[in-house]
2 protein chains.
Amino acid sequence: MTRGARRGGSSGAPRSVDVARVAGVSQKTVSRVFNDEPYVSADVRRRVLEAADELGYRLNNAARALASGRTRSIGVVTLGTALYGPASLIMGVERAVRDTGYALRVVNTMEGDPAGVAPAVHSLLDQGVDGIVISEPIDDGRDGDLAARLDVDVPVLVLGAPPFSTPRSLVAGVDADVMARTATEYLLDLGHVTVHHLAGPQRWFAARDRAQGWRSALVGNGRAVPPVIEGDWSAASGYAAGRRLASDAGVTAVFTANDDMAIGLIRALTEAGRRVPEDVSVVGFDDIPVAAYVTPPLTTIRQPFDVVAQEGIKRLVHIIENPQADPLPASEPPVDLILRASTGPPPTRPPRDRGRRIAHRPDAGGPAPPAQATAPAQN
Amino acid sequence: MTRGARRGGSSGAPRSVDVARVAGVSQKTVSRVFNDEPYVSADVRRRVLEAADELGYRLNNAARALASGRTRSIGVVTLGTALYGPASLIMGVERAVRDTGYALRVVNTMEGDPAGVAPAVHSLLDQGVDGIVISEPIDDGRDGDLAARLDVDVPVLVLGAPPFSTPRSLVAGVDADVMARTATEYLLDLGHVTVHHLAGPQRWFAARDRAQGWRSALVGNGRAVPPVIEGDWSAASGYAAGRRLASDAGVTAVFTANDDMAIGLIRALTEAGRRVPEDVSVVGFDDIPVAAYVTPPLTTIRQPFDVVAQEGIKRLVHIIENPQADPLPASEPPVDLILRASTGPPPTRPPRDRGRRIAHRPDAGGPAPPAQATAPAQN
DNA sequence: ATGAAAGCGCTAACAA
DNA sequence: TTGTTAGCGCTTTCAT
């Protein structure tokens, strides 16, 4: 057809002036149409759209960004691991960002990079993002507030980390304290005298928070606080911890900071002749896809990654687009304790019911496929 | 210090002219320094860098992209699932892309979107990427070659998919055929008369290819080809399949298209009274982190996601930067069969050694933590 | 409701 | 080895 419409000098792709010419309007009007600006008559809009379609026009984002100073993109800093939790969070972020119409740029901090997130953040800033998401930051061991050191001039959303003090920065995520307390108190309610904790690497804020929640649950209930065992999230480290714990007859309940470690732990306990849950109860964390199918099916804590991501992104975009307005309030996403078969009363004394709301279902999650009794967390 | 150096009109950020002024050179020289172009004296370079540092200058990528027509960024289309395989591949891609100095933009195809990857690819094109990675595409059921329909004008790398015919498009990944044959023939070598297959959803090319490899291994060895059972990658679907298979006494060996399904399958078999591996052998796929710690530890196929990603990206970047040159050759990444305890000879007849190179180690992977005997695939 | 002109900050030729 | 001059394709003002 009218394809020949004088394509620009070099690159050959049609530009908005080309569309304008075909549609018989000014270039600015084309711009208006593509930005959904007001004051464009229906007729003109239609003609512009037709012309654009005919030419195969697509807006040049580099030019748009240069002229407007905004990129309509959000950068996310990840850890670059395929661990279920972080990976799920990232997937949630992708989806949420897409829904907002922003583009997503991703960088990962080199694993174990002593420099921490700073270089990653700066590389995003160089790319010109309108906002930044930091997913599951780990402590880089430096002094001073992370935010302060970063010196960012765009809003920042931190997922799964402790408060972060900067104007225009947000934190989203489920309160780790609540989750860890839910797990710990559930075990206490089953009658266990105390609960051991197999923690994640303490450089991770998420791991630290879970340990803290466990600790305060014990303290709050007047129980002894056993020493924390630190793993590295891997099943192998859970296995190693299990070998150590197996020899301690005082261990009847373990709250584990993720499911992979719980599975390794259970294997070690089982091999050592300590049955789960008859001798030792184990609560995991994450509810990984296979958790219901391992032996025994794993009682675990599940957090709604998608909700967390979606809510966080919504608040971030709100700040980006309404810098002056008050930030949107954060909601408290639901936490689920998924009851399955890796937990039960302690071997010696019978469970004493302290009248709490989470009942143990001895047969829960046994064989049936999704078998997931759900108890909402107390908030 | 000299901070006051007249910041540009509106946005406040220093521009290259500001740096030029402070350094006492022309703006173009600043550009040269930041692009590592030749013909800049060491002294000038130093002065420019100092000035830039002093002003806190950072190159504006939108302007650069607009002027150069290149964005130095690569877009990746993902499935948006946290499945271990796809997630691992993405992490590998992130790392590989970072190493090349390119930025990464991510979009995911809406899960189960009938429109397939096309809209995702176009959204990347709109953002102006220099190359595209499509990770684990699934068949959208349309006629014609995917690449042809997409009508892309940048190089495309497809990870884990079938050949793809477009000039400037590449495929990377381990030959699924080799992997599936390795698993299947290993089971035949143990003495099993035939091998059943629990496949992934057949819309996925990866699932299809694995099924095909299994099939041709059976045919090539003159064995009966049992009907394929199709799962959806989930442990739940593996469990469902296991219930069906358990009642069939002819089933002594199952090759499963991923570990999650294998774990579900094993649970169902065990519950039905069929022991693994004594009655039924199971080989998984992926070697997920907990595979060595479930009961029994899972014999499985592992592919080197990081190598695949790295190699693919290297080839993609090569095409981007040397459009005329011949594409880099693809190498064949190593495939490992990880021998653990979910496989053994069939219950009735003794294993007959057909003189192949993979020996069964009855005690492999039992208790010890990483216990992973590795047998390289035949290539 | 529409248009004209003026940049956004950089790279790309081409000089010098 | 360095500088000059034009744009890249869009969004902004400000007119109309």
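Chain letters run A, B, ... following the sequence lines, proteins first, then strands; residues in each count from 1.
R58(B) places no side-chain N or O within donor-acceptor distance of the main-chain N or O of D126(A), the cut-off being under 3.5 Å. Judged by distance alone, with hydrogens and angles left aside, the side-chain atoms of R70(A) form no donor-acceptor pair with the main-chain N or O of D130(A) at under 3.5 Å. The main-chain N or O of A103(A) is never found under 3.5 Å from a side-chain atom of R105(B) such that the two would form a donor-acceptor pair.
Here T29(B) reaches the OP1 or OP2 of dG3(D): one of its side-chain N or O atoms lies under 4.0 Å away. Between Y57(B) and dC10(C) there is a side-chain polar atom (N or O) within less than 4.0 angstrom of OP1 or OP2. Proximity of N61(B) to the phosphate of dC10(C): no side-chain N or O atom is located under 4.0 Å from OP1 or OP2. Between S16(A) and the phosphate of dC10(D), there is a side-chain N or O to OP1/OP2 separation shorter than 4.0 Å. A sub-4.0 Å separation between OP1 or OP2 of dC8(D) and a side-chain N or O of N60(A) is absent. The phosphate of dT11(D) has OP1 or OP2 within less than 4.0 Å of a side-chain N or O from S31(A). Remark: R15(A) is in phosphate contact with dG9(D), judged by side-chain N or O atoms under 4.0 Å from OP1 or OP2. Between S68(B) and the phosphate of dT11(C), there is no side-chain N or O to OP1/OP2 separation shorter than 4.0 Å.
Salt bridge status for R98(A) with E94(A): absent, with no side-chain N to carboxylate O gap under 4.0 Å.
Counting to the nearest Å, the P atom of dA13(C) and the OH atom of Y39(B) are 16 Å from each other. If you take CG of D18(B) and P of dC8(C), they are 11 Å apart, rounded to a whole angstrom. At whole-Å resolution of the value, CZ in R64(A) and P in dC10(C) are 21 Å apart. Counting to the nearest Å, the C1' atom of dG9(C) and the CZ atom of F34(B) are 13 Å from each other. For the pair R21(A) CZ and dT2(C) P, the computed distance is 19 Å after rounding to whole Å. When rounded to the nearest whole Å, the span between CG of L55(A) and P of dG9(D) equals 14 Å. Going from atom CD of Q27(B) over to atom C1' of dA12(C) covers 11 Å, rounded to whole Å. With rounding to whole Å, R72(A) atom CZ is found 21 Å from dC8(C) atom P.
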- R95(B) vs D99(B), salt bridge (charged side-chain N to carboxylate O under 4.0 Å, His left out): CA-CA, chis, key distance, verdict: CA-CA 6 Å; R95(B) 223 162 308 185; D99(B) 289 346; over 6 Å; no

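With 3.5 Å as the limit, one finds no donor-acceptor pair spanning the side chains of R72(B) and N61(B).
A donor and an acceptor atom sit less than 3.5 Å apart, one in the side chain of R32(B) and one in the base of dG3(D). Applying the 3.5 Å distance criterion, the base of dA4(C) shares no donor-acceptor pair with the side chain of K28(A).
Comparing dG3(D), dT11(D), dG7(D) by their closest approach to the side chain of A67(B) singles out dG7(D). Checking dT4(D), dG3(C), dG9(D) against the side-chain heavy atoms of S26(B) singles out dT4(D) as nearest.
Checking R45(B) against L66(B), the closest nucleotide of DNA chain D that is more toward the 5' end is the one next to R45(B). Between G69(A) and A42(B), the residue anchored nearer the 5' end of DNA chain D, judged by the nucleotide with its closest heavy atom, is A42(B).
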